[in-house]
Every structure is written in C-alpha cells, then in structure tokens.
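To start, the structure itself, in structure tokens.
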Amino acid sequence: MRGQITRGILALLLATSLLLVPIRADDEEGVIDDDEYADVQRAHLIVRKFVKDELVVQGKNVTVEIDIYNSGLSTADAVKFQDVLPAEASLVEGSLEADLGKVSIGSHVKHSYVIVFNTGSVEVTLPTALVTYVSDSETNEVTEGASTAMALYVMTPVQQLQRYALQAGAYASLGFARTPSDWRNLAIIIGVVSSLLGGNWVVKKVQASNVNRKRAAALRELEKSD
Ligand SMILES: *[C@@H]1O[C@H](CO)[C@@H](O)[C@H](O)[C@H]1NC(C)=O
C-alpha cells in the first residue's frame, strides 16, 4: 500500500518535474565599482512597513510591522522611528514612536504596534513612517528616511463572511458555478454552512500553502525511499 502510494507520488512528480526544476541564472559575482563607493562609508537604512495581509477586517486587531535594515557601510546610530496612523484607525497596543539605538551593517531591527480600523468597506493607505539616524559617526550627519507605504482594504465583518463564502464556493463547486448568480446561490448556501461550522476550516483548505506542504512531504517521502 505504502509502496503504491510512493510510486503514485513518483509518477506525479515525474509528470510535474518540469515545474519543480528551479530556474536559476548562472551565479554571478556582484561587481562593485570601488571608485564610486569608496567615499560613501555611511549607514543606509531601508525601512519596510507592512501588515501580513492586505485584506483586514474592521474592528479586528491589525499588527503593523516595521523592518529596518542597514544596507550601508557603517553602523547607523541614534535610530529613531516616528509614525502616524491613518484617520480610520486607532492604536491599541505599542507605540508610534521608538528609539531603536544602533543598527549595525547588514542587520535588522524590528518594531511593531497594533491598530484597529473603525470603519469598513474602505481602501486605506498606511502612511509612510519617518526614520532618522546618524549615518556617519565622524561627522554626526543625520539622515532622514521614509518607509514604504502600503495599501490595505478594510472589510466590514459582513464582507469578510462573504469572502469566505465565495472562496468556499469556488473550491466546492470545482468550477461548475460560473455565472455571478450561480456563485451567489452557492455562496449563500456554503456561507451559511461554513459559518455554522465555525467559518474558518474551508478557507484553510483552500490555501495554496497546503498544496506546497503536500508537495514538500511527497519529496521527503521520495528521498526516504531512495
Ligand atoms: C487586541 O489587542 C488588544 C491590545 O493588545 C488585546 O487586549 C486584545 O486581546 C486583542 N484582541 C484580539 C482578538 O487578539
């Protein structure tokens, strides 16, 4: 039985092996022009501001994460972070300001806080945060940088249920429901069923990461039987 399964997996892997071969360009050493960079011994911070999912729900906690990376050639000192909230949100945990101290070359510091959106059915752009730091310890030069911004869609709780239902419908109908009204009817049925069952299980099934996990498990199984 187990052998059969393994052979089945093997056949599947052979059939999909073209998809599994990573596409890799020839390794190439990065060439840095010394003349151009010789006099730039400064810290350079790259600031990424993001939330894990760009679809968030009104009234639910949303963690905003800030990742500050020093891509420069010197330690950044006296790193200060300062942020603002979008008008639709309020802060529930953490701080919009932080003294983050030093960030050495090639390393990250992270900061996060939690907000809640007070309105739904709106698109919101998280404003850029401001980061200041001493980029050159000899001259004490202070540099100012802005984070990335990120667009979010804030769903109302009802929209979230509808989304679950639609995802469940797309999965369960296996493509039979093609027109919007087919979808709607399925969505209503499945939405009711899945919310009775606690809502989340169908959505979790749909997630592509499951497929990837299964594929990884199949690969491990194959390696074992070699
Ligand atoms: C939302 O954040 C607040 C503040 O940290 C916390 O007290 C609350 O338990 C959180 N709610 C959920 C559902 O995680």
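Whatever order the structure lists ligands and atoms in, that order sets their numbers, starting from 1. These figures come from a predicted structure and were not determined experimentally.
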Could you check if a side-chain atom of V116 sits within less than 4.5 angstrom of a side-chain atom of N61, using non-hydrogen atoms only?
-> yes
Just by distance, do the side chain of D136 and the backbone of E141 share a donor-acceptor pair under 3.5 Å?
-> no
So, Y113 and D83: side-chain donor and acceptor under 3.5 Å apart, yes or no?
-> yes
Examine V134 and L100 and state if one hydrophobic cluster contains both, with Ile, Leu, Val, Met, Phe, Trp and Tyr joined whenever side-chain heavy atoms are less than 4.5 Å apart.
-> no
Using the side chain to side chain contact (heavy atoms under 4.5 Å, CB included) rule, pick out the option among V103, I46, I68, I66 that qualifies with V131.
-> I68
The protein residues that pass the under-4.0 Å heavy-atom test against ligand 1 are N61, V92, E93
On a heavy-atom basis, the closest approach of L85 and I115 is CD2-CG2, 3.4 Å
